[in-house]
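See structure below.
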Amino acid sequence: MSRTPIIAGNWKMFKTGAEASAFIAEAKAAVAAVSGVEAVVCAPFTALPALVESTRGTAIAVGAQNMHWEANGAFTGEVSGPMLVDLGVKYVILGHSERRQYFAETDETVNKKTKAALSYGLIPIVCVGEKLEEREAGSTKDVCRVQTLGALEGLSAEQVASLVIAYEPIWAIGTGKSSTAADANEVIAYIRSVVAEAFGADAAAKVRIQYGGSVKPENVREYLGASDIDGALVGGASLQPNSYVALVEGARA
Ligand SMILES: O=C[C@H](O)COP(=O)(O)O
């Protein structure tokens with residue numbers, strides 16, 4: 001089963017609309033020249049309209065970094081799936097460790113958001129991953145199992161096959177300490193086996209699972225060369241157009 005590799009930049013809380021447009025103007029031609037790789041940029045809500053506009057007709061898709069599970073309601077400060085669809089957004093990152101750590105995101109809320117996103121036709125990028133103390137205690141796989149099953153609970157095999165999972169060991173995010181490709185591949189293969197058990201072999205063979213955590217142009221090929229790693233969710237190294245383009249180029253088979 002061949003899965004199209006996916007490089008998703010997660011800009012976190014960086015870039016205005018004007019900066020997003022300038023980034024796309026600089027990156028779009030080089031990204032269009034790369035075939036066989038899906039390129040995504042996930043921006044803050046306020047930059048999404050400019051990003052959608054500037055990526056129109058390009059090979060770069062747009063993602064958000066969070067959403068609420070309700071379509072609308074009295075939820076001050078929140079943004080819903082239909083609002084993202086209305087803008088032209090295609091992907092949405094859900095359950096990023098920074099949301100879990102600083103904004104009380106739980107497996108239950110990630111599950112609600114994942115179901116809602118799929119119901120509106122958005123493609124979730126569901127994040128899972130262990131903390132340093134969990135890795136040191138030898139519970140990496142248990143943590144990933146619980147988070148994966150929690151996020152995907154109640155979905156159909158077809159829905160699971162259509163989404164993206166990002167394995168991000170928290171200790172490797174923004175620290176310069178990346179998991180080795182072999183270690184990341186082992187955990188990702190395990191996550192795929194958890195998906196197989198719960199949703200069947202076909203869904204497991206189709207679901208794309210990215211690695212995230214200090215991925216850079218210099219190491220992206222190593223990760224993408226591993227059997228079960230289907231792409232990368234990249235923070236810091238996705239902020240500059242030349243570095244982002246190099247990541248997309250590096251993911252080419
Ligand atoms: O979503 C991206 C990850 O948090 C990784 O961030 P990083 O590439 O800056 O380590």
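Quantities reported herein were computed from a predicted structural model and do not represent experimental measurements. Atoms within each ligand, like the ligands themselves, are counted from 1 in listed order. Values below: all heavy atoms of this structure, side chains included; hydrogens, waters and symmetry mates excluded.
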So is Lys12 in contact with ligand 1, going by heavy-atom distances below 4.0 Å? yes

Pair Ile191-Ile165, side-chain contact (heavy atoms from CB on, under 4.5 Å): steps then yes or no: CA-CA 9 Å; Ile191 293 169; Ile165 297 172; 4.3 Å; yes

Closest protein heavy atom (residue, atom, distance) for atom 8 (O) of ligand 1: Gly235 N, 2.9 Å

Could you tell me whether Ala172 approaches ligand 1 through its side chain, its backbone, both or neither, with non-hydrogen atoms closer than 4.0 Å? backbone

Decide yes or no for Arg135 and Val187: does some side-chain heavy atom of the first lie under 4.5 Å from some side-chain heavy atom of the second? yes

Taking the non-hydrogen atoms of Ala237, is any one of them nearer than 4.0 angstrom to ligand 1? no

Do you know which two heavy atoms are closest between Ser227 and Arg3, and how far apart they sit? O-NH2, 3.6 Å

Does ligand 1 have a heavy atom under 4.0 Å from the side chain of Leu233, from its backbone, from both, or from neither? both

Name of the residue among Gln210, Glu130, Gln147 meeting side-chain hydrogen bond (donor to acceptor under 3.5 Å, both in side chains) with Tyr167: Glu130

Got Ser54 and Phe23 here, is their nearest side-chain heavy-atom distance under 4.5 Å? no

Is the shortest heavy-atom distance from the side chain of Val160 to the side chain of Lys206 under 4.5 Å? no

Which atoms from ligand 1 have a heavy atom of Glu168 less than 4.0 Å away? 1 (O), 2 (C), 3 (C), 4 (O), 5 (C)

Output the list of atoms in ligand 1 that are nearer than 4.0 Å to some heavy atom of Asn10, sorted by atom number. 1 (O), 2 (C)

